[in-house]
Amino acid sequence: YGVLKTILHTVVEIVSERRSAFHQRVSRIEPRIHRSWTYAVMRAWATVIQLDLQVAAVVGDMLAGRPAVYTTFLAYDEVAHHSGIERPETLATLRKVDHQIARISRIAEISPRPYRLIVLSDHGQTQGATFLQRYGETLEDVVRSGLSNGDVTGPAGRSPDHPGETEGEANPRAYLSASFEEASHEDGAVGRTARRAARLDHYRDDIGLDEEDRARSGDRDSDANEGRGGESPPELSVMASGCLGLITFPHRPGRLTREQIDDLHPDLLDRLRAHPGIGFLLVDTDADGPLVLGAEGAHWLDTGRIEGPDPLEPFGPNAAGHVMRTHRFSNCPDLMVNSTVWPELDEVAAFEELVGSHGGIGGPQSHPFVLHPVDLEWPRDPVVGSETVHEILTGWMRGREDSTV
């Protein structure tokens with residue numbers, strides 16, 4: 001019964017997605033992005049099949065009396081990326097997840113041990129027309145225009161290895177590939193089928209592969225290198241996560257400073273900070289530490305000194321703390337770029353082709369939530385960063401033997 005129900009709901013979800021995409025096109029709803037048949041299948045996987053598997057796993061663990069159980073629901077996130085954060089189909093998906101949480105709550109009442117349910121946002125999303133839609137160029141194009149020499153590589157809304165597939169479609173594909181990879185270790189027909197499916201994925205790495213898989217992967221890598229003519233890495237690499245852009249110099253050891261970047265490419269920083277779609281950029285300096293640059297102002301994070309309009313002001317009172325936290329990461333890029341935020345619309349401009357995005361700051365993505373039992377105390381001071389949330393949750397578990405996150 002469960003298998004047939006899941007298959008039926010999967011077909012219904014694919015049809016629903018195609019109908020919703022058609023409705024947005026004919027109604028000229030903006031902002032919107034192209035949604036393919038491939039995405040329709042990926043959406044059905046995230047909102048039906050994976051959701052059913054997640055809930056079944058959680059329920060099984062609860063009935064087995066596991067001391068702590070957690071899962072991440074991907075369904076709303078996936079639909080919001082492509083449809084918009086408060087569109088009808090997105091809210092319908094959110095209600096579906098809500099019903100599953102209610103189901104888990106009912107199971108908690110009959111479980112062999114008491115459980116407390118805590119619901120927290122993985123991250124928010126902010127809507128908006130993409131950077132490419134607004135300005136007719138990608139972040140990669142803007143970076144290239146500021147270079148004195150050298151080349152740039154990075155996804156510009158399209159997958160570099162598979163031009164027909166958007167970066168947004170690569171995201172759910174990764175979830176699907178991970179599921180096939182895990183199932184491939186099972187014995188029997190399920191494992192064999194999953195292994196065959198996993199081998200077809202060009203994005204897959206070599207984690208958990210057998211010798212035959214590694215040989216196939218090596219052949220693909222050799223072919224790819226031959227296709228590139230043995231070229232070395234580019235001068236700059238540009239990556240995007242929503243309205244956050246990460247710019248690195250692969251050939252240069254360590255993290256470059258403003259002075260070093262100006263010596264290499266004198267126009268790059270000015271070109272980036274002057275663009276109307278870029279709200280601020282973060283760069284380290286030799287003498288004064290981390291510096292945030294905007295179109296007309298600058299904010300030195302170590303001292304709090306501000307010259308001209310504060311580029312972080314539109315992003316809220318905690319923006320400086322969040323940016324400084326990111327600066328302290330050992331793998332912080334040479335340049336970190338955040339798109340402009342339009343407060344009157346609560347919109348940002350994603351550097352990838354997603355109508356709802358997350359990764360940087362600005363808009364609703366900057367407003368997380370935690371829904372918890374009232375007898376579990378939440379700090380009065382602002383909570384910045386996932387490390388602090390982790391300390392709070394583990395503190396609850398240490399303090400109460402019967403608490404579960």
Side-chain angles (χ1 to χ4, degrees), residues 131 135 137-154 156 233-316 318-341 348-351 359-362 366 384-385:
F131 192 86
Y135 304 107
E137 60 182 347
T138 65
L139 178 60
E140 183 182 339
D141 295 331
V142 178
V143 170
R144 184 177 287 108
S145 70
L147 292 187
S148 300
N149 54 69
D151 193 16
V152 182
T153 189
E235 174 68 11
L236 267 77
S237 173
V238 180
M239 298 297 293
S241 176
C243 67
L244 180 71
L246 309 177
I247 303 171
T248 56
F249 292 76
H251 289 285
R252 311 285 173 172
R255 185 176 172 192
L256 297 190
T257 62
R258 179 186 187 181
E259 293 80 3
Q260 292 171 312
I261 293 173
D262 282 342
D263 285 341
L264 292 169
H265 305 285
D267 297 329
L268 179 58
L269 295 181
D270 288 340
R271 178 75 178 88
L272 288 170
R273 67 186 295 192
H275 195 286
I278 293 178
F280 69 86
L281 62 89
L282 170 69
V283 63
D284 203 4
T285 65
D286 288 329
D288 301 313
L291 171 64
V292 175
L293 295 172
E296 299 178 353
H299 186 147
W300 282 263
L301 295 176
D302 271 345
T303 63
R305 180 165 65 95
I306 299 172
E307 288 185 3
D310 183 2
L312 293 178
E313 184 177 4
F315 298 90
N318 292 329
H322 284 285
V323 175
M324 175 59 90
R325 172 178 173 268
T326 303
H327 163 75
R328 295 193 179 108
F329 291 161
S330 61
N331 56 355
C332 185
D334 298 302
L335 287 172
M336 187 181 78
V337 177
N338 201 95
S339 92
T340 299
V341 60
V348 296
F351 296 123
I361 56 177
S366 301
V384 176

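Bear in mind that the values here come from a model prediction, so they are computed numbers and not experimental data. Here, residue 1 is the first one in the sequence, and each next residue gets the next number.
The nearest pair of heavy atoms linking Phe131 to His275 is CZ-CE1, 3.3 Å. Between Ser339 and Val348, the shortest heavy-atom contact is OG-CB, 3.5 Å. Closest heavy-atom contact between Leu281 and Leu269: CD2-O, 4.0 Å. For Asp334 against Arg255, the heavy-atom pair with the smallest separation is OD1-CA, 3.2 Å. In terms of heavy-atom proximity, Glu235 sits nearest to His265 at OE2-NE2, 3.5 Å. Considering every non-hydrogen atom in both Leu282 and Cys332, the closest pair reads CD2-SG, 4.3 Å.
Using a 4.5 Å heavy-atom threshold, the side chains of Pro314 and Phe280 count as separate. Looking at Leu272 and Ile247, their side chains come closer than 4.5 Å, going by heavy atoms from C-beta outward. No side-chain heavy atom of Phe351 sits under 4.5 Å from any side-chain heavy atom of Glu140. Residues Arg144 and Val238 form no side-chain contact, since every pair of their non-hydrogen atoms from C-beta on lies 4.5 Å or further apart. The shortest distance between side-chain heavy atoms of Glu313 and Ile306 does not fall below 4.5 Å. Side-chain atoms of Leu301 and Val292, non-hydrogen and from C-beta on, do get closer than 4.5 Å to each other. Taking the side chain as every heavy atom from C-beta outward, Phe315 and Asn338 approach each other to under 4.5 Å. Leu139 is listed as a side-chain neighbour of Ile278, based on a closest heavy-atom distance under 4.5 Å.
With hydrogens and angles disregarded, no donor-acceptor distance shorter than 3.5 Å links the side chain of Thr285 to the backbone of Pro290. Of the possible donor and acceptor atoms, none in the side chain of Arg258 sits under 3.5 Å from a partner among the backbone N and O of Asp284. Remark: the backbone N or O of Pro333 is not paired with any side-chain donor or acceptor of Thr248 at under 3.5 angstrom.
For Asp263, the side chain to side chain contact (heavy atoms under 4.5 Å, CB included) test picks out no residue, with sequence neighbours left out. When the side chain to side chain donor-acceptor pair (under 3.5 Å) test is applied to Thr257, the partners found at least two apart in sequence or on another chain are Glu259, Gln260, Asp286. Judged as a side chain to side chain donor-acceptor pair (under 3.5 Å), and not counting sequence neighbours, the contacts of Asp310 are His299.
Within the model, atoms CG of Leu312 and CE of Met324 stand 10.5 Å from one another, a figure rounded to the nearest 0.5 Å. One distance of note links CZ of Arg325 with CG of Asn318; it measures 12.5 Å at 0.5 Å rounding.
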**Message:** Working note: Leu293 + Leu335, criterion side-chain contact (heavy atoms from CB on, under 4.5 Å); need CA distance, chi angles, decisive distance, verdict.
**Reply:** CA-CA 11 Å; Leu293 295 172; Leu335 287 172; over 6 Å; no
